[in-house]
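Let me begin by presenting the structure, written as structure tokens, before commenting on it.
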Amino acid sequence: MMLDTALCLERFAWYAGRHADLSVQSLALACEPAYVAVRNRFSSTLTETVTCSDEGVFVTSWGYRLGSSDDVESAAARLAFLLAALPA
């Protein structure tokens with residue numbers, strides 16, 4: 001069975017959006033690779049683009065592995081930490 005990376009990214013965007021200081025800028029599911037762009041609400045420079053590999057691993061634009069689709073909430077929390085955001 002193939003992993004639905006679009007669904008994984010939708011879930012990631014939802015969990016990231018629960019963090020008080022994070023804002024989901026875009027969720028691009030129709031492009032290749034699909035991605036979610038997130039930023040710190042209080043900084044125009046603290047931004048990150050996250051993709052999901054076919055193996056279910058969330059990866060930042062610079063190659064940092066945030067976690068797996070088995071624990072989307074923790075992966076989004078790692079991104080929040082990297083972007084200096086408050087906990088959900």
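In the hydrophobic clustering (ILVMFWY side chains linked at under 4.5 Å, chained through shared members), Val57 is joined by Val59.
Scanning both residues, Ser53 and Thr5, for their nearest heavy atoms gives O-CG2, 3.5 Å. Smallest separation of non-hydrogen atoms from Ala84 and Asp21: O-OD2, 4.2 Å. Here the shortest heavy-atom pairing between Cys8 and Leu3 reads SG-CD1, 3.9 Å. Residue Val36 comes nearest to Phe12 through the heavy atom pair CG1-CD2, 3.6 Å, listed as atom of the first residue, atom of the second, then distance.
Residues meeting the side chain to side chain contact (heavy atoms under 4.5 Å, CB included) test with Ala37, sequence neighbours left out: Gln25, Ser26, Tyr35, Thr49. In terms of the side chain to side chain contact (heavy atoms under 4.5 Å, CB included) criterion, residue partners of Ser74 (sequence neighbours excluded) are, by chain and number, Asp71, Arg78. The side chain to side chain contact (heavy atoms under 4.5 Å, CB included) test applied to Ala77 returns His19, not counting sequence neighbours. Scored by the side chain to side chain contact (heavy atoms under 4.5 Å, CB included) test, Ser43 finds Asn40, Thr45, Leu46 as partners (sequence neighbours excluded).
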Could you go through residues 61-68 and list every donor-acceptor pair under 3.5 Å that involves a side-chain atom there, pairing it with any protein atom two or more places apart or in another chain?
residue : atom : partner : partner atom : Å
Ser61   : OG   : Glu48   : OE2          : 2.5
Trp62   : NE1  : Glu48   : OE1          : 2.6
Ser68   : OG   : Asp70   : N            : 3.2

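Atoms CZ and CG, on Arg41 and Leu22 in that order, are 7.5 Å from each other to the nearest 0.5 Å.
Between Arg11 and Glu73, the closest side-chain pair of non-hydrogen atoms is not below 4.5 Å. Side-chain atoms of Phe58 and Leu79, non-hydrogen and from C-beta on, never get closer than 4.5 Å to each other.
Residues Leu29 and Val38 share a single hydrophobic cluster, defined by chaining ILVMFWY side chains whose heavy atoms lie under 4.5 Å apart.
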